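Since this is a predicted model, take the numbers as computed values, not measurements. Order of listing sets the numbers, starting from 1, for every ligand and every atom in it.
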Amino acid sequence: MSPSHGIPRHIAIVMDGNGRWARRRLLPRIAGHRQGVEALRRCIRACAERGVQVLTVFAFSSENWSRPDDEVRGLMDLMAKALVREVPQLRDGGIRLRFVGERAGLSARLQQGLAQAEAATAAAPRMLLNVCFNYGGRWDIAQAAAGLAARGEPITEASLDRAMALAHVPDPDLLIRTGGEQRLSNFLLWQSAYSELYFSDRLWPDFDEAALDEALAAYAARERRFGQTSEQVTGALATG
Ligand code: IPE
Ligand code: IPE
Ligand code: MG
């Protein structure tokens, strides 16, 4: 019997498949992204109800700038609008927002919107939502190392860990990717060292509560060994 680890404290999600969802319906890709916001709203509520403490989602990668201009513009616009529409509800639902990524690459107006959303939800106690936006795992490792070097601090695993953009939360226990691809696409390269990976063929807009529960059940059935043997983890060696 493996020890039960119940509900993950921290879930990270690569919300992939919006474009395909739209194209299957002969809709423009941005319609899929809009539907993706709905899926995220549902997912936030479901995670909070299940007692998840931290949810980290990948919303826009360092590499997504290479998409067609109109899609990039549409995504920036969608983020700006979602902030206005969703922040009061998130705050009332006890969800604290934090944006993770390279803000300098975003418009001044959007940067201001992100900062305001963080301030407005700063005291929300129920669950922390990290939105990775203009984020890349390689960017994070490089900015952490550059910060340490600039301060003349030694570069160790512990000091790098503290300098990372996600230093305020424990590493994700469960990392979910929807949309069928089985890759990280530059998400949480450092922090996912011991995350349980779960890939779903569902496109993100179709990822509902039942799909989340399937992922949680799969997670609960895993044995997390962190380099140890199964006997060590289950305590079979403890008595002799
Ligand atoms: C994920 O959905 C959202 C972003 C990358 C912004 P995609 O837009 O990548 O959807 P697919 O993979 O093309 O279906
Ligand atoms: C990863 O999805 C980024 C986000 C979900 C924001 P992509 O659709 O950009 O990843 P690739 O290009 O298929 O690897
Ligand atoms: Mg994709």
S.K.: Below 4.0 angstrom, counting only protein heavy atoms, does anything approach atom 8 (O) of ligand 2?
M.R.: yes

S.K.: Counting only heavy atoms, which portion of Phe60 has something under 4.0 Å from ligand 2: side chain, backbone, both, or neither?
M.R.: backbone

S.K.: Classify the contact between Arg183 and ligand 2 as side chain, backbone, both or neither, using a heavy-atom distance cut-off of under 4.0 Å.
M.R.: side chain

S.K.: Looking only at heavy atoms, is any part of Arg20 under 4.0 Å from ligand 2, and if so is it the side chain, the backbone, or both, or is it neither?
M.R.: neither

S.K.: Measuring only between side-chain heavy atoms, which start at C-beta, is Trp204 closer than 4.5 Å to Trp21?
M.R.: no

S.K.: Looking only at protein heavy atoms, which one is nearest to atom 6 (C) of ligand 1, and how far off is it?
M.R.: Ala59 O, 3.4 Å

S.K.: Taking the Mg ion (ligand 3) as the reference point, name the nearest N/O/S atom of Asp16.
M.R.: OD1

S.K.: When only distance counts, is Asp16 in polar contact with ligand 1, meaning an N/O pair under 3.5 Å?
M.R.: yes

S.K.: Which ligand 1 atoms does Met15 reach within 4.0 Å, using its non-hydrogen atoms?
M.R.: 1 (C), 2 (O), 3 (C)

S.K.: Is Arg67 in polar range of ligand 1, meaning some N or O pair under 3.5 Å apart?
M.R.: yes

S.K.: At the 4.0 Å heavy-atom cut-off, does Glu181 count as touching ligand 1?
M.R.: no

S.K.: Hey, are Glu63 and Arg183 close enough for a salt bridge, meaning a charged N less than 4.0 Å from a carboxylate O?
M.R.: no

S.K.: Just jot down the ligand 2 atoms closer than 4.0 angstrom to any heavy atom of Val14, in number order.
M.R.: 1 (C), 5 (C)

S.K.: Only one of Arg42, Glu214, Glu49 clears side chain to side chain contact (heavy atoms under 4.5 Å, CB included) with Glu209; which?
M.R.: Glu49

S.K.: Take atom CZ in Arg20; do more than 12 heavy atoms of anything else shown fall under 6.0 Å from it?
M.R.: yes

S.K.: Given side chains that start at C-beta, do those of Pro154 and Leu148 come closer than 4.5 Å, heavy atoms only?
M.R.: no

S.K.: Decide yes or no for Leu106 and Met76: does some side-chain heavy atom of the first lie under 4.5 Å from some side-chain heavy atom of the second?
M.R.: yes

S.K.: Quick one: are Gln53 and Met127 in side-chain contact, heavy atoms under 4.5 Å?
M.R.: no

S.K.: Which residue and non-hydrogen atom of the protein lie closest to atom 10 (O) of ligand 1, and at what distance in Å?
M.R.: Gly19 N, 2.9 Å

S.K.: At a non-hydrogen distance cut-off of under 4.0 Å, which region of Arg177 contacts ligand 2 (side chain, backbone, both, or neither)?
M.R.: side chain

S.K.: Quick one: nearest non-hydrogen protein atom to atom 13 (O) of ligand 1, plus distance?
M.R.: Arg29 NH2, 2.9 Å

S.K.: Pick one of side chain, backbone, both or neither for how Leu203 approaches ligand 1, counting any non-hydrogen atom pair under 4.0 Å.
M.R.: neither

S.K.: Identify the closest protein heavy atom to atom 14 (O) of ligand 2: which residue and atom is it, and at what distance?
M.R.: Ser185 OG, 2.6 Å

S.K.: Taking the side chain as C-beta and beyond, is there a heavy-atom pair between Leu175 and Glu196 under 4.5 Å?
M.R.: no

S.K.: Within the structure, is a non-hydrogen atom of Gly17 found at a distance of less than 4.0 Å from ligand 1?
M.R.: yes

S.K.: With Phe133 as reference, evaluate Trp139, Phe99, Phe60 under the ring pair (Phe, Tyr, Trp, His ring centres under 6.0 Å) test and give the passing residue.
M.R.: Phe60

S.K.: Does a salt bridge link Asp69 with Arg73, judged by any charged N lying under 4.0 Å from a carboxylate O?
M.R.: no

S.K.: Can you tell me if, anywhere in Glu181, an N/O/S atom lies at a distance from the Mg ion (ligand 3) that is smaller than 2.8 Å?
M.R.: no

S.K.: Taking the basic N atoms (NZ, or NE/NH1/NH2) and the acidic carboxylate oxygens, is any pair closer than 4.0 Å for Asp16 and Arg177?
M.R.: yes

